[in-house]
Amino acid sequence: MQAIAQTMRLEDALNVFHARNFAYDVLRRFFIEEPSKEYLKQFSYQNMIDLFPFQEESQELQEGIQHIKNYFSSYDPVNNKDDYENLHWDYTKMFIGPFEIKVFPWESTYVTKEKFLYQETTLTVRKEYEKFAFQCADYMEADDHIGLELDFMFHLNQLCIESCSQNNKNALTEVSYLLHEQQKFINQHLGRFVQAFSDGVTQHADTEFYIGLAKILNHYLLIDLKVLEELLNIHLEK
């Protein structure tokens with residue numbers, strides 16, 4: 001990754017935050033629930049996968065992107081009913097059922113011996129959400145679901161964008177605090193299970209679409225940790 005300058009204006013940091021916003025938006029949408037036809041249409045027609053940030057920094061990220069491009073070159077889930085239902089089923093049979101869940105999407109099932117939901121891990125994540133007024137009531141899922149944790153990262157990055165855009169007297173302090181919180185959340189939560197989760201998806205997915213997404217998810221988080229570290233080691237200024 002190219003080194004970030006030792007000093008950076010908040011308005012320039014916005015470019016980094018917008019790139020992160022794009023990445024987390026894609027990931028949260030495809031892991032929180034079955035893909036909607038509306039978003040698939042936008043995603044495929046606008047070739048959004050080609051715009052995924054930081055791909056030049058990681059061969060594995062490029063490989064994940066290529067898997068998704070291969071999928072769209074052979075299948076059309078927007079206009080072909082069978083392709084759409086097969087993609088839907090790929091998500092459902094891995095993460096929901098109705099039979100045995102192939103890949104658990106909850107942090108608790110990876111980091112605790114008992115693998116119970118709504119225990120200490122779930123409640124710890126919930127407290128993080130509450131600290132930033134993050135609402136996830138629209139989804140009937142435990143708070144430590146992979147999609148919700150990605151949505152939370154998207155939320156925190158959005159707060160960075162808002163602070164930079166408003167450029168008030170507390171903007172620098174707010175952004176620094178939010179960057180620390182994001183770094184901590186990856187290290188204490190997402191980073192503890194995303195490798196095992198992604199490996200499970202790669203093993204059980206029937207479509208190159210989800211194989212590609214799993215590879216992108218795993219390696220993007222590694223890159224994002226480096227981005228956060230560099231942002232925290234530079235001097236942000238107005």
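We count residues from 1, following the sequence as given.
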Test your reading of the model: is there a side-chain donor-acceptor pair from S165 to the backbone of E162, 3.5 Å cut-off?
no
Is it the case that over 12 heavy atoms from other parts of the model lie below 6.0 angstrom from the CZ atom of F72?
yes
Establish, yes or no, whether a centroid distance under 6.0 Å links the rings of F30 and Y91.
no
Can K131 and E181 be said to form a side-chain contact (heavy atoms from CB on, under 4.5 Å), step by step?
CA-CA 11 Å; K131 188 163 63 175; E181 289 297 302; 3.0 Å; yes
What residues form a side-chain hydrogen bond (donor to acceptor under 3.5 Å, both in side chains) with Y24, not counting sequence neighbours?
D224
Donor-acceptor pairs under 3.5 Å, side chain of residues 173-180 to any protein atom, not counting sequence neighbours: which ones?
from : atom 1 : to   : atom 2 : distance (Å)
E174 : OE1    : S163 : OG     : 2.8

Pairing residues for Y45 by the side-chain contact (heavy atoms from CB on, under 4.5 Å) criterion, not counting sequence neighbours
K41, V78, N79
Answer yes or no: does atom CD of E56 have more than 12 heavy-atom neighbours from other residues, nucleotides or ligands under 6.0 Å?
yes
Using atom types as modelled and distance alone, determine if a side-chain donor or acceptor of Y110 lies under 3.5 Å from a backbone N or O of F104.
yes
Measure centre to centre between the rings of Y129 and F152, then say whether the value is under 6.0 Å.
yes
By side-chain hydrogen bond (donor to acceptor under 3.5 Å, both in side chains) - contacts of R29 (at least two apart)
D25
What pairs with D83 under salt bridge (charged side-chain N to carboxylate O under 4.0 Å, His left out), at least two apart in sequence or on another chain?
none
Listed by chain and number, what are the side-chain hydrogen bond (donor to acceptor under 3.5 Å, both in side chains) partners of Y84, not counting sequence neighbours?
H88
Going by an N to O cut-off under 4.0 Å, is there a salt bridge joining E57 and K226?
no
Nearest non-hydrogen partners of I211 and A205, listed with the distance
CG1-CB, 3.8 Å
Is atom CD of E120 surrounded by more than 12 heavy atoms (other residues, nucleotides or ligands) closer than 6.0 Å?
no
For P77 and K37, the nearest pair of non-hydrogen atoms, with its separation, is O-CE, 4.0 Å
Closest heavy-atom contact between I146 and L190?
CD1-CD2, 3.6 Å
Apply side-chain contact (heavy atoms from CB on, under 4.5 Å) to Q119 and list each qualifying residue two or more places apart in sequence or on a separate chain.
F116
Under 3.5 Å, is there a donor-acceptor pair linking the side chains of E149 and H189?
no
Counting only N and O atoms by type, is there a donor-acceptor contact under 3.5 Å from the side chain of Q62 to the main-chain atoms of Q55?
yes
What residues, two or more places apart in sequence or in another chain, satisfy side-chain hydrogen bond (donor to acceptor under 3.5 Å, both in side chains) together with Q158?
N21
Verify the distance criterion only: is there a donor paired with an acceptor across the side chains of Q183 and N187 at less than 3.5 Å?
no
Pairs under 3.5 angstrom only: tabulate donor-acceptor contacts from the side chains of residues 212-219 to other protein residues two or more places apart or in another chain.
from : atom 1 : to   : atom 2 : distance (Å)
K215 : NZ     : E63  : OE1    : 3.1
N218 : ND2    : Q195 : OE1    : 3.3

Of all residues at least two apart in sequence or in a different chain, which pass the side-chain contact (heavy atoms from CB on, under 4.5 Å) check with N15?
none
Is K102 atom NZ crowded by more than 12 heavy atoms from other residues, nucleotides or ligands, each under 6.0 Å away?
no
Under the 3.5 angstrom rule, does the side chain of K93 hit a backbone N or O of H204 as a donor-acceptor pair?
yes
Holding to side-chain contact (heavy atoms from CB on, under 4.5 Å), I want the full list of residues that pass it with A142, two or more places apart in sequence or in another chain.
W106, L117, Y118, T122, D144
Members sharing W89's hydrophobic cluster (side chains within less than 4.5 Å):
F99
